[in-house]
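The block underneath contains the structure these notes are about, expressed in structure tokens.
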Amino acid sequence: MSRRIRSGTLSIHRTGRHNITNKALRFVVIGSGMAGILAGMRLREAGYDKVTILEKTSAVGGTWRENRYPGLYCDVPAHAYTYSFAPNPNWSSYLAPGPEIRRYFEDVARRYGLYDIIRFGEEIAHCSFDNARWTVVSKTGAKYEADVVVAATGVLHHPRMPDIAGLGTFAGPCFHSARWPDGIQLDGKRVGIIGNGSTGVQLVSALAGHAHRVTHFQRSPQWIMPVENRPYTDEERRAFRADPALVEAIRFDKTYLGNVQRFTEAISDPASPQMAMIEAICQEHLEKSIADPTLRERLRPTYRAACKRLVFSPDYFKMVQRPDVEVVTMRIRQIEPQGVRTIDGVAYPLDVLILATGFHADRFMRPIGIYGRGGVRLEDVWAKRPHAYLAISMPEFPNLFMLNGPGGPVGNFSLIDIAERQWGYISQLLALIDRGECRAICPSHETLAAYEKRRIIAARRTIFGSGCSSWYLDAEGVPNTWPWSYDAFAEQMAKPDLTAFERIA
Ligand code: NA7
């Protein structure tokens, strides 16, 4: 992508610290997941004391609060999926389990005093911009006034229920993976899992050997990237606590960072040697791991590796070869009271049915009604596709900034790092408002139009656009992702091009 950094840009460290001059600025942060905690912490750290975080549920943690299924872990190394300002020497393993990550976010929120500024049970109904300020109204009827709104609402939080005939007729427990029922007992049960994204694959690994039988229904096979996971020993953790440099060494491990770089370069150039390497690893993993040639062919995707988000697993291929695990690749015809029937007429009797069928990734902060300058509705602006300048801001929605917004980098790397870099960018815009150079700021229409045009052209050429279905794609089949390299992203986030913005006095 072209460099659009010009003179007149501000220089600031990407942590987003600046010397504030206007403590009166009021902030509302929507959401207390990873990104909301980051924003809240950074704002408090900067010295703002009128910061409110609004959270629709009763706990922090976002996706790590919503997802509680057995076997949940983050496929980004734990020490890399950690805030730069809050290293955690106590991670139990190279890839951290979900509940531990949730506790980490709770702990960070506590350590930084964020519980004092979080209002739980406040689901936002609408936000409107008028007279250079935002009015945020929650479903409880509470009203918050803010100069700046930060939307930290996450991406994967609206469960996608599959459109399968008879779904409501199943006699046993049937639920989406992100709606795990308290206390459900699966040991000794016949468990069906529909969907083989990261969630379905993790579930199979966790339930195999505990359930009486696991039946994994796969509409399209997945490329599996092998990954090693291992627990850290007490001794290692003691060493991490004693010497932070050891944690840094893992966080900035050359192999890991090299993988991230290789991955993002591969995404943006499917013909690259980097992509060939990723494909070779996945293919070799399939060839070498699955002994039965028939099963191997059934597990072989017909699209390119990394077209869908790569599934990382240390043991999925081992698990599917167990006698008590069955992979069903025949299409599902219907769900019946006793189980699932495929189009060849075969019935699979089940006690429990888990829908690991993903999320509506295009919702972002919706269904919140967001009304910008002159009453412009976000819903209308995003009618074709959700979009934003550099994934952060939009014309007519001044002082509304998104973390992990549409078109941002998503993939097999740390979203915490992405959000921190985005915050570094946003904080430079805030510095202008803070110093009174303007009351509000948003990109111009020309800026966004030119940016989106370039982004869409590049996005179609990425591996995500190479011919498969996935949650990366928008309604027109365009990957709604950052289509350039990681370095290009880092460079863009380092300094805003202020000529791209309209300043409102
Ligand atoms: P994903 O990656 O969106 O996977 C959803 C899976 O569900 C995928 O295998 C789909 O098959 C399958 N699916 C969806 N609808 C149906 C129907 N109707 N019938 C059969 N199969 C269906 O969601 P995950 O929760 O696994 O992971 C989401 C992200 O969370 C992941 O990428 C990480 O970033 C963390 P398809 O491939 O469409 O044929």
Side-chain angles (χ1 to χ4, degrees), residues 33-34 62-64 66-76 81 95-96 98 101 154-168 170 174-180 192-206 215-225 227 263 267 298-313 316 320 327-335 340-343 348 353-363 404 408-416 418 464 467-474 477 479-481:
M34 174 276 284
T63 197
W64 303 103
E66 302 272 295
N67 285 281
R68 301 181 303 143
Y69 61 82
L72 169 66
Y73 62 86
C74 179
D75 60 15
V76 173
Y81 191 77
L95 304 176
I101 298 173
V155 185
L156 302 171
H157 56 118
H158 296 286
R160 179 189 289 279
M161 299 300 279
D163 182 16
I164 301 176
L167 182 61
F170 186 67
C174 172
F175 49 88
H176 188 274
S177 53
R179 295 290 178 269
W180 202 261
I193 299 167
I194 299 179
N196 57 326
S198 302
T199 305
V201 164
Q202 291 186 352
L203 274 165
V204 169
S205 292
T215 309
H216 196 193
F217 298 93
Q218 307 198 350
R219 187 164 65 180
S220 359
Q222 286 272 7
W223 288 110
I224 308 282
M225 174 65 84
V227 60
F263 183 73
I267 290 169
R298 288 168 57 215
L299 291 173
R300 189 186 301 279
T302 52
Y303 54 86
R304 296 188 63 184
C307 183
K308 294 174 190 280
R309 187 179 184 278
L310 268 180
V311 173
F312 279 61
S313 175
Y316 177 72
V320 294
V327 172
V328 176
T329 49
M330 193 59 67
R331 284 286 178 112
I332 296 172
R333 176 192 292 165
Q334 62 193 42
I335 294 170
V340 167
R341 190 176 296 277
T342 46
I343 52 171
Y348 295 86
L353 182 56
I354 304 170
L355 309 170
T357 45
F359 300 85
H360 294 283
D362 63 339
R363 305 309 297 157
N404 294 317
V410 284
N412 296 82
F413 42 79
S414 171
L415 270 190
I416 296 188
I418 299 301
F464 305 139
C468 68
S469 65
S470 82
W471 61 264
Y472 291 145
L473 303 182
D474 67 22
N480 200 345
T481 57

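Indexing begins at 1, ligand by ligand and atom by atom, following the structure's order. Any value given below was found using the heavy atoms of this structure, including those in side chains, with hydrogens, waters and symmetry copies removed. Computed from a predicted model, the values in this text were never measured in an experiment.
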>> Going by the rule salt bridge (Lys or Arg N to Asp or Glu O under 4.0 Å), which residues pair with R333 if we only count those two or more places apart in sequence or in a different chain?
In response: none
> Considering residues at least two apart in sequence or located in another chain, which fulfil the ring-ring contact (aromatic ring centres under 6.0 Å, His included) criterion with Y73?
Replying inline: none
> Who passes side chain to side chain donor-acceptor pair (under 3.5 Å) against R179, sequence neighbours left out?
Replying inline: E66
>> I'd like the contact residues of ligand 1, where contact means a heavy atom below 4.0 Å.
In response: L156, P162, D163, I164, I194, G195, N196, G197, S198, T199, R219, S220, K308, R309, A356, T357, G358, F359, S469, W471
>> Assess, by modelled atom type and distance only, whether the side chains of N196 and Q218 contain a donor and an acceptor separated by less than 3.5 Å.
In response: yes
>> As an exercise, state the distance from CG of L473 to SG of C307, rounded to the nearest 0.5 Å.
In response: 7.0 Å
> Say you draw a straight line from OG of S469 to NZ of K308; how long is it, rounded to the nearest 0.5 Å?
Replying inline: 3.0 Å
